[in-house]
Amino acid sequence: MIWNKILCNHRELQLFGTLNGGQSFRWTHDKDADEWTGVFNKTVWKLKQLDDCLQYQVVGSLWNQQTEHDLNKSENNEGKFEQLLKQYFRLELNLAKYYKEWSDKDELFKTACKQFYGIRMLAQEPVENLFSFICSQNNHISRISNMVEKLCTYYGEEICECNGVKYYTFPDVDKLAELQVESKLRELGFGYRAKFIQKSAAQIVECGGGKWFQSLRNMNYVDAKQELMKLCGIGPKVADCICLMSLNHLEALPVDTHVYQIAAQNYLPHLRGKKNVTEKMYKEIGDHFRNLYGDMAGWAHTVLFCADLKMFQQTNKSDAVESSKPKKRKTK
């Protein structure tokens, strides 16, 4: 299969930090081939990074129901898939410009970005983003990924099979809204999250589905977050993840244990030693970074977040990431 190319300097996009940082849970890395395989937009992708370009293959797609052969031969589709990738990685934004702005405002960012360059905020589909982060509550990345794949396998559509692995779309929200979904997901090991998934899906369908998500994009950040928190099982942290990662509210800043520790250790020393992040503390931390970085504070802080996680400090030739012991991350 032919590799297509998108011109993009590796310092503008680092696949390792972007795809493996807890934003999306459907990407896997083949270390031997240094290739990434993942699913978004009802399409299975393979990605490879070179110094001056992003290479990609479309393994299969239900985007317009064409065959794999046709997908990789059609010039029109190549243009469309290139555009989908550019949108997904927000490649229209000059990241070097923003990195400079954030570095000028913050010495800690200036240090972190030397190693953690090219960290992109993915522009995800809101349905997948929302239900993935319901799965993320009190969970770790490998188990979240397993739950997300179960949702896709049982309620999505099969896209294709590659090397003995079947790939599925993320399910439409109306499939997850069906009453029997909760009991099935409990059987599959989702625990209390099963209720949150089915109830939230039913609420979203009642609110208008895709049109409702579009209305949240058009709202200001604070109002969009409040609307999301009306859903069953959606608290402030998950609501901020959805605002930041799929609704284009880039000032949203999800505060978990790691973010609290970064803030208390480096910016807000009076918060050190607290056992729990209260609502007041949550707002104070978010507002501090919004005042520091501006209207893309959530993206800027994601770079600090990656720098804080030792799992990203493993030796990686293509990204020149320094060596350290891996550390499991729990998403709360």
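- Ring-centre distance between Y293 and W299: not below the 6.0 Å cut-off.
- Counting only distance, with no hydrogens or angles, the side chain of N41 and the backbone of T43 share no donor-acceptor pair below 3.5 Å.
- When the side chains of ILVMFWY residues are joined at heavy-atom separations under 4.5 Å, either directly or via intervening members, V39 and V165 end up in a single hydrophobic cluster.
- When atom types are taken as modelled, the side chain of Q87 and the backbone of A123 share no donor-acceptor pair closer than 3.5 angstrom.
- Listed for the H249 side chain is a donor-acceptor partner under 3.5 Å among the backbone atoms of L216.
- Side chain to side chain, T169 and K42 fail the donor-acceptor criterion of an N or O pair below 3.5 Å.
- Exactly one residue among W63, Y88, Y56 makes a ring-ring contact (aromatic ring centres under 6.0 Å, His included) with F81. That residue is W63.
- Counting non-hydrogen atoms of neighbouring residues, nucleotides and ligands closer than 6.0 angstrom, the CD atom of E206 reaches no more than 12 such neighbours.
- Residues passing the salt bridge (Lys or Arg N to Asp or Glu O under 4.0 Å) test with E182 are R186, sequence neighbours excluded.
- The hydrophobic clustering, which links ILVMFWY residues whose side-chain heavy atoms are closer than 4.5 Å, places F89 and L7 apart.
- Interatomic distance, R120 CZ to L91 CG, rounded to the nearest 0.5 Å: 5.0 Å.
- Residues satisfying the salt bridge (Lys or Arg N to Asp or Glu O under 4.0 Å) criterion with K275, sequence neighbours excluded, are absent altogether.
- F116 CZ to F305 CZ: the interatomic distance, rounded to the nearest 0.5 Å, is 11.5 Å.
- Enclosure of atom NZ in K48 by more than 12 non-hydrogen atoms of other residues, nucleotides or ligands within 6.0 angstrom is indicated.
- By the criterion of side-chain heavy atoms lying less than 4.5 angstrom apart, applied directly or through intervening Ile, Leu, Val, Met, Phe, Trp or Tyr residues, F190 is grouped together with Y192 in one hydrophobic cluster.
- In the displayed structure, K105 atom NZ is contacted under 6.0 Å by more than 12 heavy atoms of other residues, nucleotides or ligands.
- A distance-only check finds no donor-acceptor pair linking the side chain of D172 to the backbone of K175 [under 3.5 Å].
- Residue F131 holds its CZ atom at 12.0 Å from SG of C152, rounded to the nearest 0.5 Å.
- At a cut-off of 3.5 Å, with distance as the only test, no side-chain donor of Y221 or N248 sits close to an acceptor on the other residue.
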Step by step, would you call D104 with K100 a salt bridge (charged side-chain N to carboxylate O under 4.0 Å, His left out)?
-> CA-CA 6 Å; D104 289 344; K100 184 180 185 307; 3.0 Å; yes
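- Side chains of Q55 and Q49 form no contact here, defined as non-hydrogen atoms less than 4.5 Å apart.
- A 6.0 Å sphere centred on NZ of K150 holds more than 12 heavy atoms belonging to other residues, nucleotides or ligands.
- Hydrophobic clustering (side-chain heavy atoms under 4.5 Å, transitive across Ile, Leu, Val, Met, Phe, Trp, Tyr) groups I285 together with L244.
- Between the side chain of R272 and the main chain of Q265, a donor-acceptor pair closer than 3.5 Å is present.
- For the atom pair M147 CE and S142 OG, the distance stands at 10.5 Å (nearest 0.5 Å).
- In this structure, the separation between OG on S132 and CD1 on I144 is 8.5 Å, given to the nearest 0.5 Å.
- Under 3.5 Å, the side chains of N138 and R193 contain no donor-acceptor pair of N or O atoms.
- In terms of modelled atom types and a separation under 3.5 Å, the side chain of Q14 and the main chain of Y117 share a donor-acceptor contact.
- Counting non-hydrogen atoms of neighbouring residues, nucleotides and ligands closer than 6.0 angstrom, the CG atom of N276 reaches no more than 12 such neighbours.
- Sorted by first and then second residue, the pairs that involve residues 264-283 and meet ring-ring contact (aromatic ring centres under 6.0 Å, His included), not counting sequence neighbours, are Y267-H288, Y267-F289.
- Residues satisfying the salt bridge (Lys or Arg N to Asp or Glu O under 4.0 Å) test with E125, not counting sequence neighbours, are none.
- With sequence neighbours left out, the salt bridge (Lys or Arg N to Asp or Glu O under 4.0 Å) criterion links R26 to E149.
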Does the pair K283 and E279 meet the rule for a salt bridge (charged side-chain N to carboxylate O under 4.0 Å, His left out), with working shown?
-> CA-CA 6 Å; K283 185 176 185 304; E279 182 178 346; over 6 Å; no
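- Side chain of S200 to backbone of C232: a donor-acceptor contact under 3.5 angstrom is found.
- For Y99 and F109, the ring centers sit closer than 6.0 Å to each other.
- Side-chain atoms of D34 and H29 form a donor-acceptor pair, as typed in the model, at a separation below 3.5 Å.
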D287/R290 under salt bridge (charged side-chain N to carboxylate O under 4.0 Å, His left out): CA gap, chis, key distance, verdict = CA-CA 5 Å; D287 286 345; R290 279 184 282 272; 3.1 Å; yes
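- With rounding to the nearest 0.5 angstrom, the CG atom of L253 is 13.0 Å from the CE atom of M296.
- Applying the ring-ring contact (aromatic ring centres under 6.0 Å, His included) test to every pair with at least one member in residues 151-171, sequence neighbours left out, gives no pairs at all.
- Note: F40 and W27 have tilted aromatic rings, judged against thresholds of 30 and 60 degrees for the angle between ring planes.
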